[in-house]
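Each remark here refers to the structure printed beneath this line.
Only this structure's heavy atoms are used, side chains among them; waters, hydrogens and symmetry mates stay out.
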Amino acid sequence: MKILVIEDEPEMRRLIKQFLTEENYIVEEAADFHSGLDKISAYDYDCILLDISLPGGSGLEILQELKNMNKADSVIIISAKDSLDDKIKGLDLGADDYLTKPFHIAELNARIKSVIRRKKSEGRRLLELGNVKINIEERLVLINNESIELNRKEFDILVFFGMNKSRIVSKSAIAENIWGDYIDQSNDFDFIYSQIKNLRKKLRDQEADIDINAVYGMGYKLIFK
Ligand code: CA
């Protein structure tokens with residue numbers, strides 16, 4: 001579990017880091033707005049602890065940026081400002097929780113556990129395959145945080161492979177799952193071949209971490225490059 005602390009007060013940062021490290025989290029730090037922005041752009045975190053008043057900008061802008069990038073990191077705002085307005089703005093921008101300073105460190109830990117648990121139980125609405133992120137509900141695919149256009153079948157095929165990422169899937173399994181029962185009388189799976197070919201090209205063009213390989217005589221397999 002990786003946590004990013006974006007907080008400009010050194011003592012606060014030190015305390016949080018020390019405590020969470022003892023709790024076996026991997027903790028990274030950012031002391032101002034711009035380094036916070038750099039970190040969230042470059043990496044994914046299970047939880048971000050976000051101060052609002054930061055040198056260089058507002059934590060709310062970082063939140064907005066996370067939203068723009070379609071990131072799924074959980075965010076807990078830790079703010080000295082006990083302003084209802086900030087709280088509402090923060091939650092509106094997708095923050096998972098809000099904690100007013102000063103708080104007890106054990107309280108912070110409980111909140112972190114709770115948002116991480118909540119995210120896990122939201123299940124598989126978001127599939128992450130290396131640099132490929134699939135939002136199943138919104139039918140959105142991001143590669144390196146840029147959205148790519150897939151047709152309906154290409155999308156369904158990608159999700160199907162994502163759900164079966166360590167398995168070889170046969171052409172008939174793909175046909176049944178993507179095209180439905182009416183296709184299973186057909187022995188001609190050329191239509192699958194051409195959809196997969198197009199999908200692979202799109203993945204390659206965007207330098208995706210994944211590819212779909214043919215396994216001779218058996219079907220296809222999703223691989224990480
Ligand atoms: Ca601050």
Next item on the list: Starting at CG of Leu93, measure out to CD1 of Ile88 and round the result to the nearest 0.5 Å.
Entry: 12.0 Å
Next item on the list: Return the set of residues passing side chain to side chain contact (heavy atoms under 4.5 Å, CB included) with Ile105 (not counting sequence neighbours), or none when no residue passes.
Entry: Ile16, Phe19, Leu108
Next item on the list: Using a 4.5 Å cut-off on heavy atoms from C-beta on, say whether the side chain of Lys71 contacts that of Asn145.
Entry: yes
Notebook entry, point to check: Given the rule in the side chain to side chain contact (heavy atoms under 4.5 Å, CB included) test, do Leu158 and Ile210 qualify, once you have shown the distances and angles that lead to the verdict?
Noted result: CA-CA 10 Å; Leu158 181 60; Ile210 54 167; 3.9 Å; yes
Notebook entry, point to check: Can you list every salt bridge (charged side-chain N to carboxylate O under 4.0 Å, His left out) pair that touches residues 25-40, not counting sequence neighbours?
Noted result: Arg13-Glu29, Lys17-Glu29, Glu28-Lys39
Check: To the nearest 0.5 Å, what is the distance between CG (Leu91) and CG (Asp86)?
Finding: 10.5 Å
Note to self: Under a 3.5 Å distance rule, please check whether Asp51 uses its side chain to pair with a backbone N or O of Ile6 as donor and acceptor.
What the structure shows: no
Next item on the list: Report yes or no: do Leu20 and Ile116 belong to one cluster of Ile/Leu/Val/Met/Phe/Trp/Tyr joined by side chain heavy-atom distances under 4.5 Å?
Entry: yes
Next item on the list: Could you tell me whether a side-chain N or O of Asn144 sits under 3.5 Å from a main-chain N or O of Glu146, the two making a donor and an acceptor?
Entry: no
Next item on the list: List for me each residue that meets side-chain hydrogen bond (donor to acceptor under 3.5 Å, both in side chains) alongside Tyr25, sequence neighbours excluded, and say none if there are none.
Entry: none
Notebook entry, point to check: Which value, rounded to the nearest 0.5 Å, describes the distance between Leu63 atom CG and Leu50 atom CG?
Noted result: 6.0 Å
Note to self: Suppose we screen for side-chain hydrogen bond (donor to acceptor under 3.5 Å, both in side chains). Which residues come up paired with Lys201, at least two apart in sequence or across chains?
What the structure shows: Asp205
Note to self: With rounding to the nearest 0.5 angstrom, report the CD1 to CD1 distance, Ile112 to Ile3.
What the structure shows: 4.0 Å
Margin query: For residues Phe33 and Tyr43: do they belong to one hydrophobic cluster (side chain heavy atoms under 4.5 Å, members Ile, Leu, Val, Met, Phe, Trp, Tyr)?
Written below: yes
Next item on the list: Calculate, to the nearest 0.5 Å, the distance between atoms CD1 and CG belonging to Ile78 and Leu49 respectively.
Entry: 5.0 Å
Check: Can you name the residues that form a side chain to side chain contact (heavy atoms under 4.5 Å, CB included) with Glu65, not counting sequence neighbours?
Finding: Leu37, Ile40, Asn68, Met69
Notebook entry, point to check: Okay, side chain of Asn135, backbone of Leu126: is any donor-acceptor separation there less than 3.5 Å?
Noted result: no
Checklist line | Test salt bridge (Lys or Arg N to Asp or Glu O under 4.0 Å) applied to Lys133 - qualifying residues, sequence neighbours left out | finding: Asp44
Notebook entry, point to check: Looking at Asp8 and Pro55, what are the two nearest heavy atoms and their distance?
Noted result: CB-CD, 3.4 Å
Next item on the list: Enter the distance from Phe224:CZ to Asp211:CG here, rounded to the nearest 0.5 Å.
Entry: 11.5 Å
Margin query: Hydrophobic clusters here meaning ILVMFWY residues chained together by side-chain heavy-atom distances under 4.5 Å, can you tell me if Met163 and Leu142 are in one?
Written below: no
Item checked: Any side-chain heavy-atom pair of Val132 and Gln206 under 4.5 Å -> no
Item checked: Pairwise side-chain contact, Ile52 with Ser58, heavy-atom cut-off 4.5 Å (strictly under) -> yes
Check: Do other residues, nucleotides or ligands put more than 12 heavy atoms under 6.0 Å from Glu207 CD?
Finding: no
Check: Can you tell me if CD on Glu107 sees more than 12 non-hydrogen neighbours from other groups inside 6.0 Å?
Finding: yes
Check: Hydrophobic cluster mates of Val215, side-chain heavy atoms under 4.5 angstrom, ILVMFWY only, any path?
Finding: Ile168, Met218
Notebook entry, point to check: Is a side-chain donor or acceptor of Asp97 paired with a backbone partner of Ile76 at a separation under 3.5 angstrom?
Noted result: no
Next item on the list: Say whether, by atom type as modelled, one donor and one acceptor occur between the side chain of Glu9 and the main chain of Glu11 under 3.5 angstrom.
Entry: no
Next item on the list: Answer yes or no: is there a side-chain heavy-atom contact under 4.5 Å between Phe103 and Arg111?
Entry: no
Notebook entry, point to check: Any side-chain heavy atom of Leu54 within less than 4.5 Å of one from Ile62?
Noted result: yes
Note to self: Can you list everything that forms a side-chain hydrogen bond (donor to acceptor under 3.5 Å, both in side chains) with Arg167? Sequence neighbours excluded, please.
What the structure shows: Asn164
Next item on the list: Determine yes or no for a side-chain-to-main-chain donor-acceptor pair under 3.5 angstrom, with Glu154 supplying the side chain and Asn151 the backbone.
Entry: yes
Item checked: Partner residues of Arg139 under the side chain to side chain contact (heavy atoms under 4.5 Å, CB included) criterion, sequence neighbours left out -> Arg152, Phe155, Asp156
Note to self: According to side chain to side chain contact (heavy atoms under 4.5 Å, CB included), who are the partners of Ile196, at least two apart in sequence or on a separate chain?
What the structure shows: Ile157, Phe161, Ile174, Ile192, Arg200, Ile212, Tyr220
Margin query: Between Leu150 and Leu199, is the side chain to side chain contact (heavy atoms under 4.5 Å, CB included) condition met? List the steps.
Written below: CA-CA 8 Å; Leu150 296 182; Leu199 176 59; 3.8 Å; yes
Next item on the list: Check Leu222 against Gly162 and note the closest heavy-atom contact, atom names and distance.
Entry: CD1-N, 4.3 Å
Margin query: According to side-chain hydrogen bond (donor to acceptor under 3.5 Å, both in side chains), who are the partners of Glu23, at least two apart in sequence or on a separate chain?
Written below: Asn109
Next item on the list: If a pair satisfies salt bridge (charged side-chain N to carboxylate O under 4.0 Å, His left out) and one of its residues is in residues 215-225, list it, with sequence neighbours excluded.
Entry: none
Note to self: Please say yes or no: joined through hydrophobic side-chain contacts below 4.5 Å, possibly via intermediate residues, are Phe160 and Ile223 part of one cluster?
What the structure shows: no
Notebook entry, point to check: Is a side-chain N or O of Lys87 found less than 3.5 angstrom from the main chain of Ile77, in a donor-acceptor match?
Noted result: no
Next item on the list: Tell me whether Met1 is reachable from Val27 by hopping between hydrophobic residues (I, L, V, M, F, W, Y) whose side-chain heavy atoms are closer than 4.5 Å.
Entry: yes
